[in-house]
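Take a look at the structure below.
Predicted model, so just to flag it, every value in this text is computed and none were measured. Just so you know, ligand 1 is whichever comes first in the structure, and atom 1 is the first atom listed for that ligand.
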Amino acid sequence: MHDSQAQHWLARSRAAVWHPCTQMKRHETLPIIPIARADGIWLEDFDGKRYIDGVSSWWVNLFGHNQPRIKQALKDQLDTLEHVILAGFTHQPVVELSERLAALTGLGHAFYGSDGASATEIALKMSFHYWRNHGQTRKTRFLSLEHSYHGETVGALAVTDVPLFSDTYAPLLQHNLRAPSPDARLAAPGETAADVARRAASALESLLQQHGHEIAAFIIEPLVQGAAGMVMYDPLYLAEARRLCDQYRVHLIADEIAVGFGRTGTLFACEQAAIRADFLCLSKGITGGYLPLSCVLTTDNIYAAFYDDEVSRGFLHSHSYTGNALACRAALTVLDIFEDEQVIAANLATAALFSRHLAVIAAHPAVRHFRQRGMIWAFDVDCQRADFGPAFFSLMLQQGCLVRPIGKTVYFMPPYIIEESQMRQLVDATLSALTQLLAGDRPSAQPETALP
Ligand SMILES: *Cc1c(COP(=O)(O)O)cnc(C)c1O
């Protein structure tokens with residue numbers, strides 16, 4: 001009966017749901033997995049088979065599924081106010097959340113959206129509009145890093161450098177500029193990650209020298225370029241980017257949609273370079289993975305440029321669910337948990353423990369560029385098989401682990417509540433999958449595409 005339940009939902013999903021980031025025809029052979037329930041780190045299917053959520057359900061979950069405090073807070077909020085229009089009205093959760101985020105980041109004004117890509121759009125539009133309000137109408141372009149990812153709506157896609165996502169839509173996209181990535185893997189023998197960062201910063205300076213007058217903002221994923229395959233780089237680059245943006249009068253937009261809320265070991269990644277961006281984009285972990293919410297925080301100075309008697313100098317942008325009360329309540333509870341349970345300190349110990357377990361993988365002969373920052377681990381696999389990604393994914397799934405490689409990069413981004421036995425299961429499953437895939441390793445005919 002359970003099995004037929006799974007088949008039943010799978011068939012109905014294939015017929016009616018257009019799944020994201022997917023060539024749907026693939027699902028003729030690759031099954032979709034209907035999830036019946038989830039608890040803690042575990043996802044459970046209709047057969048009662050359990051999977052470790054090794055990607056935090058696409059990087060959104062922080063404290064596990066069925067989290068008691070967030071669940072209770074949402075139930076309480078449901079009894080008072082679920083949602084109200086935020087234009088001309090306000091409510092307790094959105095006020096408290098804005099105040100607390102301001103206190104944590106030093107950015108005094110919060111503008112809300114419902115997903116990450118909208119936060120990117122908001123930051124880009126605000127930056128452009130700020131310069132316009134100051135009479136600088138030539139600043140109409142944006143700068144981002146090579147291999148950047150900032151979302152997939154048409155504006156966000158124009159600052160995203162993942163050809164698989166953007167090439168098709170190129171005729172629709174604004175022509176923006178790209179700076180070289182400070183990817184630490186580019187270090188030559190004897191070079192450090194800081195050397196690579198310095199080199200990339202000097203290329204950034206050339207670009208700003210040449211184009212600063214026409215650039216409104218430089219948008220960047222601080223410390224980790226997630227969708228590029230967990231590309232990590234030295235914090236020195238962020239400090240240099242801040243300095244250069246000031247020098248050439250270009251805004252710095254920190255897209256902490258993936259890396260915010262403790263992912264890189266500090267509450268926000270920018271803290272590790274002791275910098276403050278002009279705009280900070282947050283989403284994903286902001287509600288602990290419970291509800292869609294995004295936020296752009298900005299400075300008093302930028303806010304002031306819009307504050308005027310003239311309506312059109314204001315930021316006339318909106319989303320229907322802006323500042324949703326339930327989502328804001330979930331976000332407030334996430335901040336409570338960070339404080340009450342000293343999550344940042346606890347994660348330090350968790351990360352050290354998982355790194356110890358992963359040492360055997362770091363030392364594996366086919367593993368290259370093993371890297372870690374905070375609660376993100378990644379490595380590249382030297383394997384000829386073009387279908388490495390999907391093959392590895394399937395082998396992990398069979399062993400009760402949800403891990404989705406990006407091309408030949410395997411990464412772990414588990415909820416912060418991961419326990420030692422679960423770390424062991426991930427490591428054992430990975431070693432077994434590597435052994436199977438590397439036995440009789442040979443190039444396969446079909447080149448594969450890398451999806452996050
Ligand atoms: C996921 C992500 C986005 C887009 O967020 P969505 O909610 O998927 O639109 C933007 N920037 C970064 C760095 C992300 O990881």
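Note: an N/O pair closer than 3.5 Å links Asp255 and ligand 1 by distance alone. Here's the thing with Ala117: one of its N/O atoms is less than 3.5 angstrom from an N/O atom of ligand 1. Here's the thing with Thr120: none of its N/O atoms is less than 3.5 angstrom from an N/O atom of ligand 1. Residue Gly116 has at least one nitrogen or oxygen atom sitting less than 3.5 Å from a nitrogen or oxygen atom of ligand 1, judged on distance alone.
Contacts between Glu221 and ligand 1 below 4.0 angstrom, taking non-hydrogen atoms only, involve the side chain exclusively.
Of the protein's non-hydrogen atoms, Lys284 NZ, 1.5 Å is the one closest to atom 1 (C) of ligand 1.
Judged by distance alone, the side chains of Asn61 and Ser57 never bring a donor and an acceptor atom under 3.5 Å apart.
Tested against Asp380, the residues Lys408, Arg368, Arg371 include a single salt bridge (charged side-chain N to carboxylate O under 4.0 Å, His left out) partner, Arg371.
Taking CZ from Phe412 and CH2 from Trp377, the interatomic distance works out to 9.5 Å, rounded to the nearest 0.5 Å.
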Arg37 and Glu44: CA distance, side-chain angles, deciding distance, salt bridge (Lys or Arg N to Asp or Glu O under 4.0 Å) verdict: CA-CA 5 Å; Arg37 59 189 62 79; Glu44 190 178 319; 3.3 Å; yes
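Using a 4.0 Å cutoff on heavy atoms, Trp59 counts as a contact of ligand 1.
Comment: Asp195 engages Arg198 in a salt bridge, judged by a side-chain N to carboxylate O separation of less than 4.0 angstrom.
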